[in-house]
Protein chains: 4
Amino acid sequence: MTDSDLDSDSDPAELAERVRTGTLRLHELEDHVDPDTAAEARRHLLEAETGADLETVGDYGFPAEEADPNIENMIGAAQVPMGVVGPVPIDGGAASGDYYLPLATTEGALLASVNRGLSAIRSAGGSNARVTKSGMTRAPVFRVDGVVEAAETVEWIEDADNLETLREAAESTTSHGELLGIEPYVVGDSVYLRFAYDTKDAMGMNMATIATGEACEIVERETPASLVALSGNLCSDKKPAAINAVEGRGRSVTADVVVPGELVEERLHTTADAIAEANTRKNLIGSAKAGSLGFNAHAANVVGAAFLATGQDEAQVVEGANTITTMDAREREDGTTDLYASVSLASLEVGTVGGGTKLPTQSEALDVVGLRGGGDPPGSNADALAEVIAVGALAGELSLLAALASRHLSSAHQDLGR
Amino acid sequence: MTDSDLDSDSDPAELAERVRTGTLRLHELEDHVDPDTAAEARRHLLEAETGADLETVGDYGFPAEEADPNIENMIGAAQVPMGVVGPVPIDGGAASGDYYLPLATTEGALLASVNRGLSAIRSAGGSNARVTKSGMTRAPVFRVDGVVEAAETVEWIEDADNLETLREAAESTTSHGELLGIEPYVVGDSVYLRFAYDTKDAMGMNMATIATGEACEIVERETPASLVALSGNLCSDKKPAAINAVEGRGRSVTADVVVPGELVEERLHTTADAIAEANTRKNLIGSAKAGSLGFNAHAANVVGAAFLATGQDEAQVVEGANTITTMDAREREDGTTDLYASVSLASLEVGTVGGGTKLPTQSEALDVVGLRGGGDPPGSNADALAEVIAVGALAGELSLLAALASRHLSSAHQDLGR
Amino acid sequence: MTDSDLDSDSDPAELAERVRTGTLRLHELEDHVDPDTAAEARRHLLEAETGADLETVGDYGFPAEEADPNIENMIGAAQVPMGVVGPVPIDGGAASGDYYLPLATTEGALLASVNRGLSAIRSAGGSNARVTKSGMTRAPVFRVDGVVEAAETVEWIEDADNLETLREAAESTTSHGELLGIEPYVVGDSVYLRFAYDTKDAMGMNMATIATGEACEIVERETPASLVALSGNLCSDKKPAAINAVEGRGRSVTADVVVPGELVEERLHTTADAIAEANTRKNLIGSAKAGSLGFNAHAANVVGAAFLATGQDEAQVVEGANTITTMDAREREDGTTDLYASVSLASLEVGTVGGGTKLPTQSEALDVVGLRGGGDPPGSNADALAEVIAVGALAGELSLLAALASRHLSSAHQDLGR
Amino acid sequence: MTDSDLDSDSDPAELAERVRTGTLRLHELEDHVDPDTAAEARRHLLEAETGADLETVGDYGFPAEEADPNIENMIGAAQVPMGVVGPVPIDGGAASGDYYLPLATTEGALLASVNRGLSAIRSAGGSNARVTKSGMTRAPVFRVDGVVEAAETVEWIEDADNLETLREAAESTTSHGELLGIEPYVVGDSVYLRFAYDTKDAMGMNMATIATGEACEIVERETPASLVALSGNLCSDKKPAAINAVEGRGRSVTADVVVPGELVEERLHTTADAIAEANTRKNLIGSAKAGSLGFNAHAANVVGAAFLATGQDEAQVVEGANTITTMDAREREDGTTDLYASVSLASLEVGTVGGGTKLPTQSEALDVVGLRGGGDPPGSNADALAEVIAVGALAGELSLLAALASRHLSSAHQDLGR
């Protein structure tokens with residue numbers, strides 16, 4: 001897309017009319033006028049066609065051109081209320097110090113709940129957090145004649161020299177990414193190769209896709225396998241899949257805290273035992289009975305709101321929900337019972353560069369966290385963001401479980417959620 | 001929260017200073033000044049504390065007061081680029097006619113992809129869609145002494161008179177909602193009761209929670225069961241759970257289309273057989289091998305973008321990913337091979353009233369779809385919205401599978417996704 | 001099969017020779033000689049072809065004719081060591097009193113382990129048990145044109161009159177079975193109808209299949225749906241499927257016990273807290289992380305061994321593994337900590353009539369349990385058998401978790417398992 | 001257990017009486033008399049207590065002493081009818097040539113069905129088969145203080161030198177087994193280490209348990225982790241778990257065949273297209289909708305019957321059901337449509353040494369397959385057995401799907417199953 005050849009005639013209403021009469025196509029407007037005018041023309045068209053008034057949608061706070069990598073057929077922007085929680089001290093593998101976390105959501109009571117949890121964590125001295133595994137995956141699927149060729153392909157892949165050849169090809173497409181490994185899976189006459197990459201501070205889905213595409217050409221040349229689809233769903237992107245819950249995707253990150261018994265009573269108005277019981281019956285046994293991959297109360301709420309605020313891919317909230325929450329009563333020597341609380345997010349896919357992170361409000365939000373752009377060392381910003389979000393999720397779990405344990409979920413929604 | 005007692009001193013910078021020095025708490029600002037000033041004060045504070053510049057976050061296009069039911073600790077709004085796809089003719093159970101669908105996303109190439117699919121659907125005469133099951137669920141967990149009391153509780157619940165008593169209690173809390181049924185589950189000394197409601201045009205999570213809370217009081221009074229948590233995770237809200245994928249939650253909705261072979265070649269640049277093969281190896285067999293509950297390519301992308309645009313709960317994208325895509329080559333009598341394509345979303349949780357739907361940009365977006373507010377008959381607007389989103393997801397599947405089948409996923413991202 | 005026309009020439013060796021030379025086929029032997037001679041001829045053939053000595057296989061303790069409903073191409077019998085555990089007092093919904101349970105297995109240490117658990121249960125006064133849900137399912141899959149016809153079919157099925165028609169058809173094929181309900185599921189152009197039956201004392205798979213087949217003819221006649229397969233895998237038989245773990249199949253049965261703290265120490269050589277911790281980390285959290293539908297230690301061991309001894313379908317051990325074990329420390333007023341232990345088997349498919357229950361050793365084993373043949377009232381024997389097996393599984397869980405908690409799993413295998 | 005000190009008084013009836021009166025315990029009988037007399041005494045006791053007649057149970061064809069490693073409290077043996085299927089030519093990675101497979105079952109029509117499938121495979125020239133992955137796993141769970149210690153433990157494990165130390169410890173306990181690798185998983189304050197072993201021709205569960213126990217002592221000594229249970233359910237043994245379906249356990253084995261269109265019609269009385277449709281709607285889409293880990297028709301039937309006949313662990317049928325069946329119509333140049341059929345068993349746990357394989361009938365059955373004892377090279381016999389069972393499962397799938405496609409499942413059961 002270039003700025004050349006823009007129509008002298010750039011009246012939005014007239015452009016809308018040309019689209020309506022079929023002499024211009026909706027997605028071609030940017031070929032004729034600047035992006036903001038194109039968006040205005042589309043609003044004109046939609047207002048005429050549907051009777052909607054798009055005033056607020058059109059009242060966005062950035063040049064449309066900046067959103068060009070992120071949207072087509074732009075008409076404006078959705079505005080989602082953004083609040084902030086924190087600060088909370090985090091002792092992480094990458095995060096260190098006090099963090100604020102912006103959250104964008106339409107769910108009333110969510111920020112109040114997270115803040116209540118963070119307040120307890122803060123009083124308890126802060127949260128620990130660690131990324132325990134990392135790797136963005138892409139898994140193409142290949143067609144072979146049958147298992148004989150499948151076994152031959154797997155054998156070729158597992159040869160160390162061949163892996164090196166694939167690594168060179170894959171890494172030739174990226175300045176930062178590193179291939180971590182390739183795991184083969186065979187089902188009949190289909191072979192799936194799950195490529196895992198260190199994508200540093202990028203969420204890395206596109207990087208992984210492009211690098212894998214390059215490697216696939218070699219696989220096709222050197223083995224009997226023929227590519228069917230660059231993604232064969234063992235990646236698995238934006239689907240609720242056990243492979244991610246078990247093996248991880250993006251960052252596997254755990255945050256935890258020990259809340260002294262006194263604080264549990266004072267701040268959360270219940271006991272460690274009551275919270276542990278609620279967690280066991282709801283998050284562990286209830287989830288087990290539900291056939292779930294998510295053993296938590298509402299981790300997706302915090303992940304989703306943090307993703308929206310900081311420009312992550314909102315559909316990857318799906319994987320963010322692959323979270324296990326544990327709550328355990330720990331008895332001290334003096335007989336007081338403290339609460340050990342943790343969340344382990346198996347597949348949190350975050351980045352501080354690329355994607356939606358460059359958009360104006362999102363980039364400002366990342367500045368609030370203090371984690372915009374590439375980290376030093378590379379990858380450390382995305383690691384730290386994962387840890388901060390995990391602590392936010394931990395706070396949300398703590399708060400909701402405490403509320404359930406003390407039975408005021410329903411009335412909390414009545415008061416705050418309307 | 002009332003407007004009374006607002007401080008005469010409403011200078012944001014000074015308020016920020018008072019928060020910083022601890023004489024005022026961050027979430028108490030609205031007790032002293034109007035919501036917009038409170039948000040401004042928070043931005044001041046964050047800018048001072050973190051060095052961030054929150055100009056665009058603060059440049060939101062609606063009175064902060066309107067977001068009061070949706071957020072706490074507001075600092076402004078996230079602005080997410082919104083575009084539009086369509087129009088596409090839909091023959092639905094509730095939707096009927098031509099629909100535009102606004103999508104808000106930061107994922108480049110998504111709208112172009114969906115539009116390509118919709119264009120093929122439009123040329124094929126439009127899509128069918130039906131809501132085949134409906135019901136918002138809430139499943140409290142109760143503690144009993146053991147299985148003897150559990151069996152006693154289940155027996156009480158399954159008595160028709162008692163069900164009627166519970167129905168009256170539950171429905172007494174809502175003007176619209178109707179209790180559809182209660183399904184009991186026993187695990188050791190825990191009893192889970194999954195309440196399902198017809199919540200009409202509301203997504204209905206809060207309605208279901210409040211109604212269930214009322215019914216729980218009777219269960220506790222009449223049986224040995226004692227409430228542990230109003231949600232016992234068999235609901236299951238915002239978790240990737242088989243119970244939703246199997247039994248549904250919110251709307252279970254299917255959209256389908258038969259694309260004539262000629263159109264598959266002309267518009268999608270591949271063949272029905274190639275698309276069917278890609279779907280089988282990727283969406284069916286690949287997902288099977290991944291231990292997935294989502295047998296689709298990227299339904300969550302469309303669900304997420306539509307949710308964001310229309311004010312749905314972004315974390316419920318998780319359940320929206322419980323989608324099965326089927327693609328089948330159907331041979332016509334004349335030897336031409338057409339493509340049958342469908343998506344079945346087991347648990348799409350949508351509403352056209354309540355929650356985030358009342359926010360300015362979201363409500364404008366619902367006007368674009370033509371489905372804002374309560375439907376006539378009640379529930380028909382939310383049904384129709386579910387059908388429109390399903391058709392959008394179908395378009396996304398068609399387009400991506402066609403792209404995979406013709407091998408240009410990688411280069412499409414290189415061109416459009418940057 | 002009749003005894004008429006048996007060959008005068010019934011020398012096994014000569015018959016084997018005729019099979020080898022191709023003038024007689026392996027499965028046709030029973031057309032020429034009595035079943036025992038046919039089996040002998042096959043052993044001759046195999047001994048000649050493979051060099052195996054089949055003396056013990058041929059040394060079975062019943063007339064081959066009795067196994068005719070259970071096997072084809074019979075060569076003899078597998079002999080699996082059978083032992084016995086018990087007695088244990090059970091206070092069940094159907095079972096009442098003291099029960100012995102025969103178990104057939106090749107896994108050393110299994111019976112010793114179960115007996116250790118039963119001993120603790122016995123000392124604790126026995127176990128409670130209840131069947132909390134019951135129904136054998138069969139789910140045919142139908143082809144429709146698309147979702148419009150699918151919705152039409154579902155609507156037809158959900159009409160009360162039509163359900164009655166289907167019930168009459170289904171029940172016309174069986175003297176005992178009762179149709180409990182039909183649950184419809186739609187995926188694109190496929191419709192699945194999950195029929196559930198009360199099959200009384202029979203496991204009931206065949207009964208359900210035949211009855212459903214009859215009902216399907218009406219569905220095909222009255223709706224646009226066309227049968228593709230009598231089983232569409234939503235049944236789901238002999239597959240690890242969430243639908244069974246969530247909704248149950250066969251009997252859903254729970255057994256539990258409170259073991260006083262003193263007994264936990266004396267008999268199980270550990271504490272309630274240690275067992276509860278092992279259960280939480282292993283059976284709950286470990287299973288969660290494994291993406292499991294089975295939250296137990298080794299329920300399948302007991303289910304498998306009991307199935308084998310009592311003539312159940314050995315492949316249905318798969319569903320028997322859909323078991324959740326809970327272990328909870330309960331503090332008494334005097335400060336002693338007791339252990340609450342439970343197993344909940346979601347889908348235990350058992351019968352006391354039909355299938356393998358009529359075979360000699362199996363029928364003798366059912367006599368040991370005291371539950372051979374039809375119960376009074378009908379269904380009560382199979383219910384009781386489910387409860388007894390559940391108590392056996394509970395004992396196995398108790399014992400293994402206690403062993404793990406006290407760390408001697410490894411050495412137990414070294415001593416007993418060889 | 002030794003033969004010394006056997007009581008001179010070995011009258012079974014008197015011994016039974018002594019047990020009944022409590023002067024002797026049921027499991028102590030072998031301390032006083034030889035195993036056969038002990039079993040007889042138990043039968044006496046049970047006959048007296050329950051009224052059962054245990055004649056056939058007591059009529060077992062081997063010295064009870066031989067079953068001593070496999071059973072406690074022995075009373076005799078379950079006799080399960082055994083038949084044979086085959087022969088079928090297999091071109092495997094380890095299996096090569098014509099194989100008979102003994103199957104022990106009580107499910108009428110099963111062997112007839114498998115034989116029908118094998119006959120089609122034989123006519124098609126035989127089946128291919130390959131073990132594509134191999135490794136028996138054991139995954140202990142450790143307690144740590146929190147994620148800081150968890151990360152520390154993972155780091156220690158991932159150090160190459162430490163891995164070597166653990167390997168030496170683990171392998172010191174076994175003459176054959178080799179440690180393949182250790183995969184760490186973190187959930188809050190629990191660390192799971194999944195050890196994988198090459199156990200050669202043994203199924204290897206005990207070998208893996210003992211070796212892992214040895215390695216755990218080092219982990220406890222060198223890291224902050226403290227062992228809670230030698231099995232933490234990420235192994236995962238005898239539970240329906242995605243980790244096995246995705247990553248495999250024991251042998252991951254695929255068998256496939258192309259059945260020419262002419263044979264599909266002649267032998268299976270249907271068409272490749274009809275079978276492929278049935279497979280897609282039932283095994284793929286139906287299983288998807290059921291939330292299943294098993295995408296097959298009845299693989300567990302064949303696995304279970306083969307396990308029983310050849311002395312495998314019957315409870316591991318659970319993992320054997322983690323099987324994906326694919327059926328695809330392949331058009332030849334001449335327009336004929338052939339059928340590609342495959343089964344991929346992700347986690348088939350088999351051995352030809354150890355466990356129940358040494359029992360008389362089981363060892364004879366292994367001789368029929370030609371795969372008793374250790375292979376040359378080590379592991380090849382168990383590999384070959386896995387391939388033969390996979391081909392049996394493939395035959396069962398082919399036959400049942402063909403039957404479903406041609407609609408005679410119901411009547412087949414009526415005829416054969418009774």
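Quick note on labels: first sequence line is chain A, next is B, and so on, each numbered from 1.
Looking at C:Leu234, both its backbone and its side chain come within 4.5 Å of chain D, counting heavy atoms on both sides. C:Asn244 does not touch chain D: none of its heavy atoms, backbone or side chain, sits under 4.5 Å away. Only the side chain of D:Leu46 comes within contact range of chain C, with at least one heavy atom under 4.5 Å from a heavy atom of that chain. Neither the backbone nor the side chain of C:Leu284 comes within less than 4.5 Å of any heavy atom of chain D. Residue C:Ala305 touches chain D through both its backbone and its side chain, counting heavy-atom pairs closer than 4.5 Å. Looking at D:Asp98, there are no atoms closer than 4.5 Å to chain C (heavy atoms on both sides), in backbone or side chain. Looking at C:Glu49, only its side chain comes within 4.5 Å of chain D, counting heavy atoms on both sides. Contact of C:Asn283 with chain D is made through backbone and side chain together, with heavy-atom distances under 4.5 Å.
Between the NE2 atom of D:His27 and the CZ atom of C:Arg116 there is a distance of 11.5 Å, given to the nearest 0.5 Å. Note that the CG atom of C:Leu404 and the CG atom of D:Leu227 stand 8.5 Å from one another [nearest 0.5 Å]. Remark: C:Lys289 NZ to D:Arg194 CZ distance equals 12.5 Å, nearest 0.5 Å. In this structure, OG on C:Ser236 lies 7.5 Å from NZ on D:Lys282, to the nearest 0.5 angstrom. Distance check, rounded to the nearest 0.5 Å: CD1 of C:Ile71 to CG of D:Leu103 gives 7.0 Å.
Options C:Ile75, C:Leu26, C:Val318, C:Ile243 differ in how many heavy-atom pairs under 4.5 Å they form with chain D, and the most are formed by C:Ile75. Ranked by heavy-atom pairs under 4.5 Å with chain D, the list C:Glu247, C:Glu277, C:Arg143 is led by C:Arg143. Contacts with chain D were tallied for C:Leu401, C:Thr323, C:Val302, C:Val187; C:Val187 has the most, counting heavy-atom pairs under 4.5 Å. For the set C:Thr357, C:Leu110, C:Val317, C:Asp189, the count of heavy-atom pairs under 4.5 angstrom toward chain D peaks at C:Asp189. Interface summary for chain C: among D:Leu308, D:Asp367, D:Val141, the most heavy-atom pairs under 4.5 angstrom belong to D:Leu308. With chain D as the partner, the residue from C:Gly291, C:Cys235, C:Ala67 showing the most heavy-atom pairs under 4.5 Å is C:Gly291. Chain C forms more heavy-atom pairs under 4.5 Å with one residue of D:Ala64, D:Gly58, D:Ser190 than with any other, namely D:Ser190. Per-residue counts of heavy-atom pairs under 4.5 Å with chain C were compared for D:His298, D:Glu55, D:Arg42; the largest is that of D:Glu55. Chosen from C:Ala321, C:Gly232, C:Ala300, the residue pairing most often with chain D at heavy-atom distances under 4.5 Å is C:Gly232. If you tally non-hydrogen atom pairs under 4.5 Å between each of D:Ala78, D:Ala39, D:Gly286, D:Gly51 and chain C, the highest count goes to D:Ala78. Between chain C and the options D:Pro102, D:Ala365, D:Ala297, heavy-atom pairs under 4.5 Å are most frequent for D:Ala297. In terms of non-hydrogen atom pairs under 4.5 Å with chain C, the most contact-rich of D:Leu293, D:Thr212, D:Val114, D:Asp59 is D:Leu293.
Side-chain contact between D:Thr106 and C:Asp313: absent, with no pair of heavy atoms (C-beta onward) separated by less than 4.5 Å. Residues D:Tyr192 and C:Ile285 form a side-chain contact, since some pair of their non-hydrogen atoms from C-beta on lies under 4.5 Å apart. D:Leu45 has its side chain within reach of C:Tyr100: a pair of non-hydrogen atoms, C-beta onward, lies under 4.5 Å apart. When side chains are defined from C-beta on, C:Tyr60 does not count as touching D:Val80, because their heavy atoms never get closer than 4.5 Å. With contacts defined as side-chain heavy-atom distances shorter than 4.5 Å, the pair C:Asn233/D:Ser292 does not qualify. Using a 4.5 Å heavy-atom cutoff, the side chains of D:Met82 and C:Val57 are in contact.
Inspection of the D:Lys239 and C:Ser287 side chains reveals no N or O donor paired with an N or O acceptor under 3.5 Å. In the model, D:Glu364 has a side-chain atom that pairs as donor or acceptor with a side-chain atom of C:Thr56 under 3.5 Å. Of the N and O atoms on the side chains of D:Asn301 and C:Lys238, at least one donor lies less than 3.5 Å from an acceptor on the other residue.
The heavy-atom pair separating C:Glu314 from D:Thr105 by the smallest distance is OE2-CA, 3.7 Å. Closest heavy-atom contact between D:Leu111 and C:Glu72: N-OE1, 3.2 Å. Listed here is the closest heavy atom pair of C:Ala77 and D:Thr361: O-CG2, 3.5 Å.
Side chain of C:Asn73 to backbone of D:Val84: a donor-acceptor contact under 3.5 angstrom is found. Under the 3.5 Å distance criterion, the side-chain polar atoms of D:Gln79 are matched with a main-chain donor or acceptor of C:Gly61.
Residues satisfying the side-chain contact (heavy atoms from CB on, under 4.5 Å) test with C:Ala208, not counting sequence neighbours, are C:Met136, C:Arg138, C:Tyr197, C:Met205.
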